[in-house]
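Right, one structure below, let's go through it.
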Amino acid sequence: NPVVADIDITNGATNWLWVVFAIMLSSCVGVGALSFTQNPGRRAFHYISMAILATASIAYFCLASDLGATPIQVEYLRGYPAATATRSIWYVRYIDWVITTPLLLLELLLVSGLPLSAVFACVFADEVMIVTGLIGALVASSYKWGLFAFGCAAMLVVFYILYVPGLLSAKHLGGDYYKSYFQGALVLSILWTLYPICWGLAEGGNVISPNGELIFYSILDIFAKPVFAMVHLFGLRRIDYERLQL
Ligand code: RET
């Protein structure tokens, strides 16, 4: 097998990654400041958002400093079907996701009024999704697609809980709760669906370069973390919090 250049060169995306780091850190501080405009009893969602944004800041610090990647043998390289090469797999992003995606779900599900058992079921499916994605990314053979399939099935379980029992329960809480919850669930599910697409093109199929992958995921992360936090926090201004168990 001919050896072609390893596709782990990520120069050039680095400045952009520092920009994303700054966006995450300043949003974290911004949400903290915003929390002071609310009564202490209405700050739980700000604190969850701050935890998410703090985790993302550290993850982007690692990405921008070229930490948290490992070379993995590539099975298929576009243009070089029989080539031997490695690709940088940024495992650090999965460490971020395994912490932040359950918190994002918690932020949303706390508005649904679902019982703790349903919240845990959803968080469990979410963890299956992230961990299978990580293992799949670290596997060189095409068994990675089996892990990817488990991950996608787990994401469907998450969406089922959000849209079936979640919506029903939010409806019981009342119109304003329902509006905030539905808006959050819609934004979240549209954005989350784009992550496995990026995975398939990057870690999975090696169709896009690691630079392209860093840009793709980082734009998604900006929408899924700071932008989602803002949309959700402003959406919550219309509810009275009295029916929530925080
Ligand atoms: C993977 C691959 C396995 C199949 C699926 C995936 C979905 C990942 C998602 C990640 C969301 C991350 C967020 C980060 C925070 O900003 C693991 C890529 C379904 C949905 C929201």
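None of these values were measured; they are calculated from a predicted model. Whatever order the structure lists ligands and atoms in, that order sets their numbers, starting from 1.
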Relative to ligand 1, is [X] under 4.0 angstrom through side chain, backbone, both or neither, heavy atoms considered?
X: Asp96; answer: neither
X: Met129; answer: both
X: Trp97; answer: side chain

Which atoms form the tightest heavy-atom contact between [X] and [Y], and what is the distance?
X: Asp126; Y: Thr101; result: OD2-OG1, 2.7 Å
X: Leu53; Y: Met24; result: CB-O, 3.9 Å
X: Ile99; Y: Leu103; result: O-CG, 3.5 Å

What are the atoms of ligand 1, with element, lying closer than 4.0 Å to any heavy atom of [X]?
X: Ala224; answer: 16 (O), 21 (C)
X: Met155; answer: 19 (C)
X: Pro196; answer: 5 (C), 7 (C), 19 (C)
X: Gly133; answer: 2 (C), 3 (C), 17 (C)
X: Gly151; answer: 4 (C), 19 (C)
X: Lys225; answer: 15 (C), 16 (O)

Ring centre gap for [X] and [Y] strictly below 6.0 Å:
X: Tyr195; Y: Trp97; answer: yes
X: Trp145; Y: Trp199; answer: yes
X: Trp18; Y: Phe61; answer: yes

Open item on the list: Any nitrogen or oxygen of Thr100 lying under 3.5 Å from a nitrogen or oxygen in ligand 1? Just yes or no.
Closed with: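 In fact, backbone or side chain, Thr100 has no N or O that close.
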Open item on the list: Quiz question: by atom type and distance under 3.5 Å, do the side chains of Asn39 and Tyr241 form a donor-acceptor pair?
Closed with: no
Open item on the list: Does either side chain, that of Tyr94 or that of Glu203, offer a donor lying less than 3.5 Å from an acceptor on the other one?
Closed with: yes
TODO: Classify the angle between the aromatic ring planes of Tyr163 and Phe159 as parallel (below 30°), tilted (30 to 60°) or perpendicular (above 60°).
DONE: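 Taking Phe159 first and then Tyr163, their aromatic rings stand perpendicular (interplane angle over 60°).
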Open item on the list: Please list the nearest protein heavy atom to atom 1 (C) of ligand 1 with its residue and the distance rounded to 0.1 Å.
Closed with: Trp199 CD1, 4.3 Å
TODO: Considering heavy atoms of the protein only, find what lies nearest to atom 21 (C) of ligand 1 and give residue, atom and distance to 0.1 Å.
DONE: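 Scanning the protein heavy atoms, the shortest distance from atom 21 (C) of ligand 1 goes to Trp192 NE1, 3.2 Å.
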Open item on the list: For atom 10 (C) of ligand 1, tell me which residue out of Tyr195, Phe223, Tyr217 has the closest non-hydrogen atom.
Closed with: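 When every heavy atom of Tyr195, Phe223, Tyr217 is considered, Tyr195 comes closest to atom 10 (C) of ligand 1.
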- [ ] May I ask whether Thr132 has any heavy atom positioned less than 4.0 angstrom from an atom of ligand 1?
- [x] no
